Amino acid sequence: MFELSATQKQLQATAREFAKKEIAPRAAEIDRSEQYPWENVDLLTKQGFMGMTVPQKYGGPGMSYLDVVLVIEEIAKACGVSARIVVEGNMGAVGAVMKFGSDLQKKIAAEHVLSGDKPAICITEPGAGSAATEMTTRADRKGDRYIINGTKHWITGGGVSRFHLIFARVFENNEPQGIAGFIALRGADGLKVGMREPAMGLRGIPETQIIFEDLEVPQEMVLIPPEGLRHGFAGLMNAYNGQRVGAGTVALGIATGAYELALEYSQQREQFGRPICEFQGLQWMLVDMNTQLEAARLLLQKAAYVSKHGFPDMLEAAQAKIFASETAIKVTNDALQIFGSAGYSRNLPLERMARDARMFTIGGGTAQILRTVVASALLDRKLPQTRDGHFKLAEKKKK
Ligand code: FAD
Ligand code: COA
């Protein structure tokens with residue numbers, strides 16, 4: 001098993017103090033106003049929490065995913081929105097570029113995140129959510145450039161992010177080549193920001209459509225070519241395992257924040273002439289909350305720590321996200337319950353935390369789809385979900 005180093009413990013303590021002092025005071029207002037927290041972004045950038053994973057060669061400190069996870073949890077205790085910005089400022093698209101990108105692509109990505117840009121990842125489409133491989137956004141090769149057309153939705157940071165990693169299906173002479181990853185910047189002709197979703201929680205980050213209308217991307221901004229029919233996509237998903245660990249950690253942090261408030265309140269609030277923590281019914285709730293959070297933390301830290309191929313492992317990332325996201329829903333609701341009517345009031349952060357935590361069994365791969373991913377790894381076999389998938393697989397085996 002692993003142990004946090006003295007430097008990591010110090011990093012964790014610094015992030016905790018920073019989150020309490022700088023991030024927590026604005027969390028309620030961010031939720032109420034539904035405005036992107038530029039002030040927090042500025043503070044996070046100055047504190048060095050954006051671009052932590054960028055290698056020294058590109059101006060970053062080259063820290064590990066485990067270091068980032070420690071910071072994310074502390075920020076999320078105070079504000080889920082700000083923690084999600086830290087996830088995308090260090091994992092997901094940045095991770096993919098730092099692993100697969102050219103020198104130029106790495107420089108561009110590093111410049112963006114180190115100056116506070118939260119990259120956007122564009123995978124999901126109205127007709128292709130869990131079934132991401134059924135995306136219809138297409139990139140037609142025209143000599144040394146690609147012309148992209150299609151619509152993505154639920155893109156976190158639409159309209160505020162500058163750096164975009166776009167997944168699209170490549171065609172050459174109208175022949176499908178598989179899925180590849182492209183880099184484009186907001187402001188490029190043909191990259192349009194569409195409707196914003198009225199989201200339940202995490203309201204300070206816009207979730208929008210991103211529409212591509214003849215967006216031109218030069219060959220040098222192709223992050224991973226399709227490499228046959230599937231492999232480009234597989235490489236990109238490998239990088240996405242890091243994002244899943246990050247998202248799971250935001251869920252963990254939000255829930256830990258709610259738990260800590262409930263633990264304190266249970267010792268202050270009196271009913272029947274005694275603090276409510278003296279009732280065994282609540283003691284057992286607190287014990288279960290604490291135990292589940294600790295288990296989620298260990299799964300996430302292990303997934304971040306055991307980084308095969310430079311990214312968290314697919315199986316470990318999926319297991320950790322399933323457990324952390326489901327735990328977060330339960331723990332935030334139990335924390336709210338311990339506050340009674342006060343928990344249901346918008347004057348306290350519990351209802352916001354319960355709304356914010358709700359997203360993590362959906363975004364970044366649903367808890368159901370991730371179970372399929374885990375099953376596929378445990379059974380070491382393909383588990384096609386399309387109606388004709390088993391038939392296609394059998395045909396392929398025959399050949
Ligand atoms: P569907 O795929 O339509 O699923 C509907 C239901 O069916 C779910 O319960 C699902 O689990 C279940 N289901 C589907 N297939 C199966 C199966 N084979 N077995 C069992 N159950 C199944 N996408 C991006 O590309 N970039 C982003 O930045 C981004 N940010 C997001 C932020 C938020 C807040 C949210 C809510 C979503 C975000 N997404 C983003 C989209 C997200 O990844 C998708 O919502 C997710 O992959 C599920 O797709 P869907 O919503 O279309 O649900
Ligand atoms: N890590 C590494 N590789 C992965 C992966 C992951 N998390 N998920 C898929 N792959 C690889 C597969 O191993 C496969 O590679 P191979 O062809 O070399 O064997 C390839 O990618 C295609 O995956 P497969 O499971 O065969 O695709 P599918 O058509 O059944 O689609 C997914 C299933 C991958 C789309 C589905 O499991 C999934 O993850 N859906 C959620 C999408 C998501 O997270 N969206 C978030 C947007 S923010």
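Counting convention: from 1, in listed order, for ligands and their atoms alike. Source: prediction; values computed, not measured. Because only heavy atoms are used, hydrogens play no part in the values below, and waters and symmetry mates are left out as well, while side chains stay in.
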Pull out every atom of ligand 2 sitting under 4.0 Å from any heavy atom of [X], numbered as shown with elements.
| X | result |
| --- | --- |
| T124 | 47 (C) |
| N238 | 1 (N), 2 (C) |
| I123 | 47 (C) |
| Y240 | 44 (O), 46 (C), 47 (C), 48 (S) |
| F233 | 21 (O), 22 (C), 34 (C) |
| S130 | 35 (C), 36 (C), 38 (C), 40 (N), 41 (C) |
| V373 | 37 (O) |

| Quick one: which of Q368, Q385, K382, M237 has a heavy atom closest to atom 12 (C) of ligand 2? |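 Comparing heavy atoms across Q368, Q385, K382, M237, the nearest one to atom 12 (C) of ligand 2 lies in K382.
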
For the pair [X] and [Y], find out whether any cationic side-chain nitrogen is under 4.0 Å from an anionic carboxylate oxygen.
| X | Y | value |
| --- | --- | --- |
| K21 | E17 | no |
| E220 | K107 | no |
| E39 | K46 | no |
| R26 | E29 | no |
| R203 | D356 | no |
| K192 | E213 | yes |

Report yes or no: does a heavy atom of [X] sit under 4.0 Å from some atom of ligand 2?
| X | answer |
| --- | --- |
| N241 | yes |
| R244 | yes |
| P384 | no |

| task | Take M98 and V94 through the test side chain to side chain contact (heavy atoms under 4.5 Å, CB included) and record every step on the way to the result. | result | CA-CA 6 Å; M98 293 306 154; V94 200; 4.3 Å; yes

| task | Return yes if some donor-acceptor pair links the side-chain N/O of E197 with the main-chain N/O of M195 below 3.5 Å, else return no. | result |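 No, the answer is negative, given that no donor and acceptor are paired below the 3.5 Å cut-off.
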
| Under 3.5 Å, side chain of Q105 to main-chain N/O of V222, donor-acceptor pair present? |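 Yes: the side chain of Q105 pairs with the backbone of V222.
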
| Residue pair R358, N333: steps toward the side chain to side chain donor-acceptor pair (under 3.5 Å) verdict | CA-CA 10 Å; R358 188 62 191 84; N333 273 286; over 6 Å; no

| Listing by chain and number, which residues have a heavy atom under 4.0 Å from ligand 1? |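 Those residues closer than 4.0 Å to ligand 1 by some heavy atom are R84, I121, C122, I123, T124, G129, S130, W154, I155, T156, E207, M359, I362, G363, G364, T366, Q368, I369, Q385.
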
| Spacing of L70 atom CG and S64 atom OG [to the nearest 0.5 Å] |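 That separation rounds to 7.5 Å.
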
